[in-house]
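Have a look at the structure below before the remarks.
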Amino acid sequence: QVQLVESGGGSVQAGGSLRLSCAASGRTFGNYGMGWLRQAPGKEREFVAGISQSGIVTLHIDSVKGRFPISRDNAKNTVYLQMNSLKPEDTARYYCAAGRSGVTPRALKDFDSWGQGTQVTVSS
């Protein structure tokens, strides 16, 4: 079973940046895709970005494409989400998630584990 611990959330003004990190343990990190999900108050959890096992393939929802690059360092068992040009509508709790074996995750159903989340609040 994989354990995922997020860090890097916080409060910023619109236009600012944050970098989320997620440290993984418990299974061979390089064998599965990773991703980030988010859930805003009163809304359902949604897929934000996914990355393949090797890191070559990345996927993003349209609303963050070009602003939130996802990356991973398999030597450090860590996945990142660099959040740039933040908007108030990006305010949510962000969750690191591990993909099912052999899948480059692109939707909620493609994940089988996630962390406790880290809060991101963007003020206008």
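Residue Leu108 is not grouped with residue Val103 when hydrophobic side chains (ILVMFWY) are merged at heavy-atom distances under 4.5 angstrom, including chains of intermediate members. Linking ILVMFWY side-chain heavy atoms closer than 4.5 Å, directly or via other members, places Ile61 and Tyr80 in two distinct hydrophobic clusters. Val64 and Leu20 fall within a single hydrophobic cluster, where Ile, Leu, Val, Met, Phe, Trp and Tyr side chains are chained together by heavy-atom contacts under 4.5 Å.
Nearest heavy atoms, Leu59 versus Thr104: CD1-CG2, 4.0 Å. Of all non-hydrogen atoms in Ser123 and Pro88, the two that sit nearest each other are C-CG, 4.4 Å. Residues Gln53 and Gly30 share a closest heavy-atom pair of CB-O, 3.3 Å. Annotation for Ala92 and Gln119: closest pair O-NE2, 3.4 Å, computed over non-hydrogen atoms. The shortest heavy-atom contact between Pro69 and Arg67 is CD-O, 3.3 Å. In terms of heavy-atom proximity, Ala98 sits nearest to Val2 at CB-CG1, 4.0 Å.
Checking side-chain atoms of Arg19 against main-chain N and O of Gly9 turns up no donor-acceptor pair under 3.5 Å. Although no hydrogens or angles enter the test, the distance criterion places no donor-acceptor pair under 3.5 Å between the side chain of Ser85 and the main chain of Gly15. Here the side chain of Arg38 pairs no donor or acceptor atom with the backbone of Arg93 at under 3.5 angstrom.
Atoms OG and CD, from Ser17 and Gln82 in turn, are 6.0 Å apart once rounded to the nearest 0.5 Å. Taking OH from Tyr94 and OG1 from Thr118, the interatomic distance works out to 10.5 Å, rounded to the nearest 0.5 Å. Note that CD of Glu89 and OG of Ser63 are 8.5 Å apart. Values are rounded to the nearest 0.5 Å. The CG atom of Leu81 lies 15.0 Å from the OH atom of Tyr95; values are rounded to the nearest 0.5 Å. For the atom pair His60 NE2 and Lys65 NZ, the distance stands at 9.0 Å (nearest 0.5 Å). The distance from the CD atom of Glu6 to the OG atom of Ser21 is 10.5 Å, given to the nearest 0.5 Å.
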Under the criterion side chain to side chain contact (heavy atoms under 4.5 Å, CB included), I'd like the reasoning laid out for Leu37 against Phe111: C-alpha separation, chi angles, the key distance, then a yes or no. CA-CA 10 Å; Leu37 315 174; Phe111 299 97; 3.5 Å; yes

From CA spacing to verdict: side chain to side chain contact (heavy atoms under 4.5 Å, CB included), Trp36, Cys96: CA-CA 5 Å; Trp36 291 91; Cys96 174; 3.9 Å; yes

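The pair Arg27-Asp112 counts as a salt bridge, with a side-chain nitrogen and a carboxylate oxygen less than 4.0 angstrom apart. Using a 4.0 Å cut-off between a side-chain N of Lys or Arg and a carboxylate O of Asp or Glu, Lys87 and Asp90 do not qualify as a salt bridge.
Contact check for Val79 versus Ile70: side-chain heavy atoms found under the 4.5 Å cut-off. You'll find the side chain of Arg72 reaches within 4.5 Å of the side chain of Phe29, heavy atoms only.
Side-chain N/O atoms of Thr78 and Asp73 include no donor and acceptor closer than 3.5 Å.
Cation-pi contact between Arg100 and Tyr32: absent, since separation from the ring centre below 6.0 Å together with deviation from the ring axis within 45° is not met. Phe47 does not carry Arg106 over the face of its six-membered ring by the limits of under 6.0 Å from the centre and within 45° of the normal.
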